[in-house]
Each structure stands twice: as structure tokens, then as C-alpha cells.
> 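Please read through the structure below; I'll follow up with questions.
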Amino acid sequence: MGLFRFLLALAVVLNHTGGMSGYIIMSGITAVQVFFMISGFLIAFILSTKYDTASRAGAWLFFSNRALRIFIPYWTVWILTFAAVAIVFAVYGWQLHPLAEFMTYGGEMTPFTWAYVVFTNVLIVGQEVALWLSYHAGQLVPVINADALSPAVYHFQAVPQAWSLSLELMFYMLAPLLNRRSNFVLLLIVIGANLLRFIVWQNGFHSSGWTYRFFPFEIGLFVAGMLSYRLYAYLKERGFITWQNSIAVTLAFWALALIYGSLDTDTTYKFIAFAVIAMLLPFLFSFSTHFKTDRWIGEMSYPVYLIHIVVMMLVQAFIQGFGLSFSTNAYSWLIVMITIGLSVAYVYLIDVPLERWRQRRVRSA
């Protein structure tokens, strides 16, 4: 599962850079949605094996540890983003996102607009709402589709891809409750969420907000991941999850991925693929438990996802500022290499000590 998570994060990066020789692994939208499934699996795993959320102390430990896992990396990248754009502005006079947006529109923003911008930048929750907001003369106005509007409200967010973390945080709040529900109830949630998605799609709501950022739809993917963990527990208890089976299924999965290539974006095929992935996750997870290197590779997925946008901003600024010329392929390679290098540094310098502290909190409790 570790390599799978890393490649999902890399797919998002390649979608934003144009790909390496046109190759992007899979749709960035699909990659994020598969991440939601993996998150559901892993949260169900830790709720079932590490935390007693029936007690107040256990619930606090779960919520605080998840908050540390989400916010420490996010705030680190957030601070680095503003520091980087401020230094570039001071040295070269180049106004980069998000500094340019604040300098252009900040003076006219109403208190409510500033409250939204500050709240979503600091606490993440509500970032996805930007896809249903338009900006006009300092005010935020609700709209059905904000995809083509300018300025885009999400340009006021320093780490705009963190909208997915907003959905993660909402899922964490519900996860202890969901984890106590029966398989039947969870299956109803999966069916209901996707039925609602289909109805809305059929009625012409095809914008980004409705396609993959609306939590009542995406919760079906999180819950599908929780059901996948229950399948893992069922198979493991009956001896079907062995290291031999895990290796065989993992290798078969990668072979099929190479043969069939990217998942489609908005078709029935994609959701059939989601169902197949949900059935394979138990074996991919078991594979990671037997191979430390796979787990380590997976730990880079979150920093890769968070860091790549600021890397792109800075590289684009220097390319344009100094009149440099790069092909799309060379540009993608450059972004990927810098992002991976910074992610490795982050894992060693910040993530490893943070994770040790988080696990000590669990053990001491």
C-alpha cells in the first residue's frame, strides 16, 4: 500500500505539471478519491486496534493524534509557502500566489471575507467551499459553479490542494461513530452517497465542487475503505491473508495497472475500479506490514501532495523571471525531483520525530 499511496500523490503532481512525456499515471481527481478509500481503511484499522473511542480519554487521544498528523505537516508547508513567496518578492519583486492575491484584493475584503480566508488558511476546514463561492468587490457570493470565475476564491489559500484535508477532517469527526455501525448500515451509506452523486450528475451538475469535493458524496469512498478493512479482518481471521498471498495479489495488481493504465475520470468504469481496489486493499495493506521499505515510501505521499504546489510556483517564477526555457517533460521531471527531495527531508527531520511522539502518546494511554 505504501508504493500505491506514493504513486497516487505523484499522479496529482503529474496532473498539475503536464506529465512526463504525457504520462500522468491516472487522473488527479481519481487519485484523490482513491486516497479517501485508503484513509477509510487506515482509520478503521487504528480505531479497531489502537483507540478506545468509547471513553472520553480515548476519543480525545484519537482526535488529537489525527489533528497532529494533519496540521503539523500542513502548517509547516503553509509557513514555508509564505516565507518563500515573501523572500522572492523582497529579492526580485515578483508577486507570487498567494501574496499577489492578498496585495491585489486584501484592502477591499469585508470582515466576513477576511474571516473565511483566515479560518480556511489556518484550520483547513471549509476550503472546498471555495468551489461554490464567487468573489466580487470584497464580498463572497454563493454560486452553483465557481470553476471559471476570476479571481478564484481558492487563490486566497496558500495550500489550495488542502481542500481534500478538509474532507478528511470531517470524516475523522464521524469515524468513531461510523466504526460502531454494522456492515449493512455502512453499505447503505456507500450506496446512498453514490446514488446521490449519480442523480446530481444526471441533472447537469458537472463542476469541480460537485464532481469530487462535495463531502456527502465523497463520504461513500471513505466508508468503502472502512468496509475494506472489515474484509481484511475477516480474511485474516480465517487465514486467507498470508505474506505469500499478499505478495501474489500485489504483483498481480501492479501488472494489471501497467496493462490497463490510467483509471477513467467520470464513467461507471471508474467506480467499478474503486470496488476492485476496495477488495484488493487488504492484500496491499498486508504487503506493507511485511515490507518496511514499502511503508517508508508510503510516508512520503502526504508531503509530496502538500509540497509540490509551492515548488511549482517557485520554479515557474524563476523560469519566467530569468527567461529560461524548459520542455513540459523536463519541467515535470524538475518538479518531481525537487518535490521528492524536499519530502524525504521532511520525513526525516519532522515526520519521524512527530510519529514517534504520536505513538508514545498511544502507548502511554
Side-chain angles (χ1 to χ4, degrees), residues 1-2 4-6 8-9 11-13 28-48 50-51 53 59-78 119-131 154 157-179 186 189-190 193 197 208-209 211-229 274 277-278 281 285 298-309 343 346 351 354-355 358:
M1 188 183 286
F4 188 34
R5 289 163 57 204
F6 174 77
L8 291 173
V12 175
V13 178
I29 297 172
T30 303
V32 171
Q33 290 180 311
V34 175
F35 262 127
F36 292 158
M37 293 175 60
I38 293 175
S39 178
F41 184 103
L42 295 176
I43 292 301
F45 166 69
I46 65 172
L47 282 173
S48 301
K50 290 186 178 182
Y51 298 97
T53 54
W60 163 249
L61 183 63
F62 168 74
F63 289 129
S64 59
N65 257 1
R66 295 319 302 171
L68 289 170
R69 181 65 173 164
I70 292 292
F71 283 105
I72 297 301
Y74 171 78
W75 285 334
T76 301
V77 174
W78 192 88
F119 182 87
T120 55
N121 266 286
V122 176
L123 296 178
I124 302 174
V125 174
Q127 284 201 16
E128 79 285 359
V129 177
L131 270 296
Y154 64 82
Q157 294 159 353
V159 189
Q161 70 274 33
W163 65 265
S164 64
L165 305 183
S166 175
L167 272 61
E168 288 270 354
L169 290 168
M170 287 188 278
F171 168 64
Y172 295 161
M173 296 301 296
L174 296 174
L177 177 64
L178 292 170
N179 201 52
L186 295 187
I189 293 173
V190 173
R197 186 199 302 272
S208 299
T211 302
Y212 61 102
R213 303 196 190 200
F214 190 47
F215 182 69
F217 299 166
E218 303 311 311
I219 193 174
L221 294 167
F222 288 107
V223 174
M226 300 183 81
L227 286 171
S228 180
Y229 168 73
F274 284 164
I277 291 172
L281 283 181
F285 175 74
E299 292 307 309
M300 287 201 297
S301 60
Y302 187 30
V304 164
Y305 181 72
L306 286 178
I307 291 170
H308 77 279
I309 292 293
S343 298
Y346 174 84
D351 191 61
L354 174 64
E355 191 60 22
R358 290 175 65 249

> Going from CZ on F62 to CG on N179, what distance comes out if it is rounded to the nearest 0.5 angstrom?
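Those atoms lie 8.5 Å apart.
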> Do I124 and F71 have side chains that approach each other closer than 4.5 Å (heavy atoms only, starting at C-beta)?
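Yes; the side chains approach each other to less than 4.5 Å.
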> Can you give me the closest heavy-atom contact between E128 and R213, atom names plus distance?
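Heavy atoms of E128 and R213 come nearest at CG-O, 3.6 Å.
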> Say you draw a straight line from CZ of F222 to CZ of F36; how long is it, rounded to the nearest 0.5 Å?
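The CZ atom of F36 is 4.5 Å from CZ of F222, to the nearest 0.5 Å.
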> Report yes if the distance between the aromatic ring centroids of F285 and F45 is under 6.0 Å, otherwise no.
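Aromatic pair counts; centres sit under 6.0 Å.
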> Atom CD of Q127 and atom CG of L165: how far apart are they, to the nearest 0.5 Å?
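Interatomic distance, Q127 CD to L165 CG, rounded to 0.5 Å: 7.5 Å.
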> Between V32 and Y212, does the side-chain contact (heavy atoms from CB on, under 4.5 Å) criterion hold? Intermediate values first, please.
CA-CA 9 Å; V32 171; Y212 61 102; 5.5 Å; no
> What are the two closest heavy atoms between S228 and F41, and how far apart are they?
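So the two residues come closest at OG-CD1, 3.5 Å.
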> Please list every donor-acceptor pair under 3.5 Å in which a side-chain atom of residues 301-308 meets a protein atom from a residue at least two apart or in another chain.
from : atom 1 : to   : atom 2 : distance (Å)
S301 : OG     : G298 : O      : 2.7
Y302 : OH     : I70  : O      : 2.9
Y305 : OH     : Q161 : O      : 2.7
Y305 : OH     : S164 : OG     : 2.8
H308 : ND1    : V304 : O      : 3.3
H308 : ND1    : Y305 : O      : 2.9
H308 : NE2    : H16  : ND1    : 2.8

> Nearest heavy-atom pair of L178 and L186: which atoms, and what distance?
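In this case the closest contact between L178 and L186 is O-CD2, 3.6 Å.
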> If we only count heavy atoms from C-beta on, is the W75 to V122 side-chain gap below 4.5 Å?
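A side-chain contact under 4.5 Å exists here.
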> Measuring from atom CZ of R66 to atom CE of M173, what distance do you get when rounded to the nearest 0.5 angstrom?
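It comes to 13.5 Å.
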> Quick check: closest heavy atoms across A193 and I219, and the distance to 0.1 Å?
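Distance-wise, the nearest heavy atoms are CB-CG2, 4.4 Å.
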> Which heavy-atom pair separates L131 from G209 by the least distance, and what is that distance?
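Scanning both residues, the minimum pair turns out to be CB-CA, 3.9 Å.
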> Step through the shown structure and confirm whether more than 12 heavy atoms of other residues, nucleotides or ligands are within 6.0 Å of OH on Y154.
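For Y154, atom OH is not crowded (no more than 12 foreign heavy atoms under 6.0 Å).
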> Kindly compute the distance separating CZ (F171) from OG (S39), expressed to the nearest 0.5 Å.
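If I round to the nearest 0.5 Å, the distance is 5.5 Å.
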> Do L47 and Y229 come close enough that some side-chain heavy atom pair is under 4.5 Å?
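Side chain of L47 against side chain of Y229, heavy atoms only: no contact under 4.5 Å found.
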> Where do N65 and K50 land on the side-chain contact (heavy atoms from CB on, under 4.5 Å) test, with the steps shown first?
CA-CA 11 Å; N65 257 1; K50 290 186 178 182; over 6 Å; no
> Can you measure from OG (S343) to CZ (F6) and round to the nearest 0.5 angstrom?
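Separation between the atoms: 7.5 Å.
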> Using the side-chain contact (heavy atoms from CB on, under 4.5 Å) rule, take E355 and L68 through it: C-alpha gap first, then chi angles, then the decisive distance, then the call.
CA-CA 9 Å; E355 191 60 22; L68 289 170; over 6 Å; no
> For I43 and A175, which heavy atoms make the closest approach, and how far apart are they?
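Smallest interatomic distance, heavy atoms only, reads CG2-CB, 3.6 Å.
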> Mind checking whether V190 and F274 have side chains closer than 4.5 Å, heavy atoms only?
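Answer no - side chains too far apart.
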> Side-chain contact test, heavy atoms from C-beta onward, threshold under 4.5 Å: evaluate it for P176 versus F63 and give yes or no.
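P176 reaches F63 side chain to side chain.
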> Please check if the side chain of R5 supplies one atom and the backbone of F35 the other of a donor-acceptor pair under 3.5 Å.
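No, because the side chain of R5 does not come within donor-acceptor range (under 3.5 Å) of the backbone of F35.
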> In a check of side-chain contact (heavy atoms from CB on, under 4.5 Å) between V34 and each of L8, L281, L221, I29, which one passes?
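Going through L8, L281, L221, I29 one by one, the side-chain contact (heavy atoms from CB on, under 4.5 Å) with V34 is satisfied by L8 alone.
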